[in-house]
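Below: the structure, in structure tokens.
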Amino acid sequence: EEELKKQLARFDALARSEEAARDAVGAFKSQVEELRSSNEKLVGQAKRLEDERNVMNVRKASVEEELKKQLARFDALARSEEAARDAVGAFKSQVEELRSSNEKLVGQAKRLEDERNVMNVRKASVEEELKKQ
């Protein structure tokens, strides 16, 4: 009877660990999807503003492929509590990398927009000078 109580307690603890792991998987999947969506918007903006759109497409595809691989690994690892904790650390790192990448893309898009505005002002100035001549 005592052994059964111990086994039931262990089973309950494992069930709670599994539920927590599933919750963590769901939360990280949601966060990854949000970051993926944000990244796609930024890549689209960068394409319109610069000639290096091919480089951006390669980076985007690479990030998405890596996320798919990480998700597959995470799903496999999440079956055990200890492995799930390791995967959470890896996803936190991936999330930080994506945030950093997104911030860089936003900065790059802003700089390119500023450059475009400067070029438009120069163009207008040259056109005005040509009209005067």
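These numbers come from a predicted model, not from an experiment.
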message: So, taking the atom named CD in E66 and the one named CG in L98, what distance separates them when rounded to the nearest 0.5 Å?
response: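 Answer rounded to 0.5 Å: 10.0 Å.
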- request: Could you tell me which residues satisfy side-chain hydrogen bond (donor to acceptor under 3.5 Å, both in side chains) with Q94, sequence neighbours excluded, listed by chain and number?
  value: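 If we apply the side-chain hydrogen bond (donor to acceptor under 3.5 Å, both in side chains) test to Q94, skipping adjacent residues, there are no hits.
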- prompt: Which residue pairs satisfy the salt bridge (Lys or Arg N to Asp or Glu O under 4.0 Å) criterion with at least one member in residues 88-108, sequence neighbours excluded?
  reply: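 The answer is E96-R99.
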message: Show every salt bridge (Lys or Arg N to Asp or Glu O under 4.0 Å) that has at least one partner inside residues 1-12, sequence neighbours left out.
response: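 Every pair satisfying salt bridge (Lys or Arg N to Asp or Glu O under 4.0 Å) with a residue in residues 1-12: E3-R10.
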query: How does the hydrophobic cluster around L130 look, that is, which other residues are in it when side-chain heavy atoms under 4.5 Å mark a link?
result: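 Grouped by the 4.5 Å side-chain rule, V126 form the rest of the cluster around L130.
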field: Residues that E19 engages under salt bridge (Lys or Arg N to Asp or Glu O under 4.0 Å), provided they are two or more places apart
entry: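 By the salt bridge (Lys or Arg N to Asp or Glu O under 4.0 Å) rule, E19 matches R22.
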Sequence neighbours excluded - side chain to side chain donor-acceptor pair (under 3.5 Å) pairs with any residue from residues 112-125: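 For residues 112-125: E113-R116.
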message: Please list all pairs meeting ring pair (Phe, Tyr, Trp, His ring centres under 6.0 Å) that have one or both residues in residues 90-128, counting only residues at least two apart or in different chains.
response: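 Qualifying pairs, neighbours excluded: F28-F91, F74-F91.
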task: State, to 0.1 Å, how close L42 and N102 come at their nearest heavy-atom pair, and which atoms those are.
output: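 Looking at all heavy atoms of both residues, the shortest contact is CD1-O, 3.4 Å.
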